[in-house]
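Per chain, numbering begins at 1; letters A, B, ... match sequence-line order.
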Protein chains: 2
Amino acid sequence: MLTPTPLAPVSVLGLGLMGTALATAMLKAGHPTTVWNRTPSKTGPLTAQGAQPADTPAEAAKASPLVITCLTTYDDVTEVLRPLTGTLAGRTLVNVTNGTPAQARAMAARAEEHGIAYVDGGIMAIPQMIATPAAYVLYSGDESAYEEHRPTLAAFGGTRWTGADPGLAALYDLSLLTGMYGLIAGVVQSYALIGSERIPAREFAPLLHDWLNAMTDAMVPNTAEALDTDHHLTTVSSLAANQAAFPNLLDTFSGQGVRPDLFEPMRHLLDRAITEGHAHDGLSRLVKLLADR
Amino acid sequence: MLTPTPLAPVSVLGLGLMGTALATAMLKAGHPTTVWNRTPSKTGPLTAQGAQPADTPAEAAKASPLVITCLTTYDDVTEVLRPLTGTLAGRTLVNVTNGTPAQARAMAARAEEHGIAYVDGGIMAIPQMIATPAAYVLYSGDESAYEEHRPTLAAFGGTRWTGADPGLAALYDLSLLTGMYGLIAGVVQSYALIGSERIPAREFAPLLHDWLNAMTDAMVPNTAEALDTDHHLTTVSSLAANQAAFPNLLDTFSGQGVRPDLFEPMRHLLDRAITEGHAHDGLSRLVKLLADR
């Protein structure tokens, strides 16, 4: 008779929408899963699926060599873990709480003081996407702990190692979110403009979708190439041409009764680029102008 | 012996980078092409390819039933065409100069007074893309004139009719450019952030590319659906969750020495959305908040 290899146990602390999705993914993958939440009622749906509820964070930590924290802020993580640093010593802490690179580095330093292997994680998915092929998590920090637990972490979706600097997962994560928020600003402003003439959004959506994907395909690799080679001159779309076109855009917003606020800073940045002598450069020059130092 | 059907003659006024690309496309497609430019030297490369140079705009207009203007501004178009309204009567004017919906409507009204069939065009391509499958032009205005000349206009790439209101091509064009400028803001800020730790841009580019395309795929149709059904509640990513995450992002910009200017207005918009009671709504609510009226 074949005995299946028992899967590694895992503990999940913090059962908001994301923590619940993570614990669910572990249960579905067959890992013995212990869960804890400050408000114990949130453990109900998970225990119904086979999770072991813990009364305290220490009890949860004792149950598994791999402890995952998914709380609201890094301050919450610090507060919840403070009483159990002794329990965590020798275990791996994977912290997927949203935070900054600086917060991740400080957390890693404290973990190291207490003999805790620290891996920071940045989840590139909404809760509904966890355990689907579209989801992945960025990791950084203690590479050997990461490699040891990678088969378990794969229950969430793809795994991407970003480096030993524990701040890197957060940096990559926030850089991707940054790109997304620019896209959001563009999409909402675009729909506001087309909506000013009562054109149905669904009629315009396919054009907007295809256009944005085409621009992403062209712009993202080209800008990277220009940045890495430090070669900013362009024959395609100069900052001068963009600066010349921009007032037209802002005038149209005003003329159509759409607030221009989201786009005012881009006008200032283009103006500054021209004033500082970069008329013939492409978009990569703007990246340099955004660096304060 | 087979005699090929002679192709319709066309005249192009304005030979900047885009006008030159348009005239070149017409020549390559086999149309007898007459060209005019304020600075006559620009006609040289085109006459070498078989174009007929015209000494005056009127001479160019006389040569073809289809006259295409591609100048810097609508004021330039008005100035160039003022002396030849009589010549243009009974012909079709396709104006692809960049402008606003209001400018296009005013131009169409003047054209109608003089018996000129007016079609406004918005080119969704850079000059290098003209006559490739990726290029297309949006048109609006006189639909029968458009249909008559569509086989000729197809030399530029795809043709997309937006409606009889002559301002629509400009509105669609500017709405797509609006989306693109948001995307540009996101991409340059994202590269600035990842560059703050000297990570090569080409290492990050594939992640950014795939992430932005995935977000476009999800966000563009979902937002359109929410807008057209006027149903803004979301279970995916609430404005409250976005507002909570945003200060983290701005703090990271500052901490990494990257100017936050481009993203400040989005913070204000999210704050306003929460203050006005839209915490549980999704991004489509922001579109409504951008409408001034």
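Heavy-atom distances place both the backbone and the side chain of A/Leu283 under 4.5 Å from chain B. Neither the backbone nor the side chain of B/Leu17 has a heavy atom closer than 4.5 Å to any heavy atom of chain A. In this structure, chain B has a heavy atom under 4.5 Å from the side chain of A/Gln103, while its backbone stays farther away.
Remark: side-chain polar atoms of A/Asn222 are paired, donor with acceptor, to backbone N or O of A/Ala218 under 3.5 angstrom. The main-chain N or O of B/Thr234 is never found under 3.5 Å from a side-chain atom of B/Ser238 such that the two would form a donor-acceptor pair. Under the 3.5 Å distance criterion, the side-chain polar atoms of B/Tyr191 are matched with a main-chain donor or acceptor of A/Val220.
Chosen from A/Gln128, A/Met124, A/Met215, the residue pairing most often with chain B at heavy-atom distances under 4.5 Å is A/Met124. Of the listed residues A/Leu168, A/Thr73, A/Leu208, A/Val187, the one with more heavy-atom pairs under 4.5 angstrom with chain B than any other is A/Leu208. Most heavy-atom pairs under 4.5 Å with chain B: of the set A/Leu177, A/Ile194, A/Thr162, this distinction falls to A/Ile194. Each of A/Gly167, A/Ser175, A/Gly179, A/Ala241 has some count of heavy-atom pairs under 4.5 Å with chain B, and the biggest count is that of A/Ser175. In terms of non-hydrogen atom pairs under 4.5 Å with chain B, the most contact-rich of A/Leu138, A/Leu212, A/Leu286 is A/Leu212. The most heavy-atom pairs under 4.5 Å with chain B, out of A/Asn242, A/Thr100, A/Leu183, come from A/Leu183.
Pairing each heavy atom of B/Gln189 with each of B/Pro260, the nearest pair is NE2-CA, 4.3 Å.
For an aromatic pair to be called close, the ring centres must be under 6.0 Å apart, and B/Phe253 with B/Phe263 satisfies this.
Using bins of under 30°, 30° to 60° and over 60° for the plane-to-plane angle, the ring pair A/Tyr146/A/Trp161 lands in the parallel bin.
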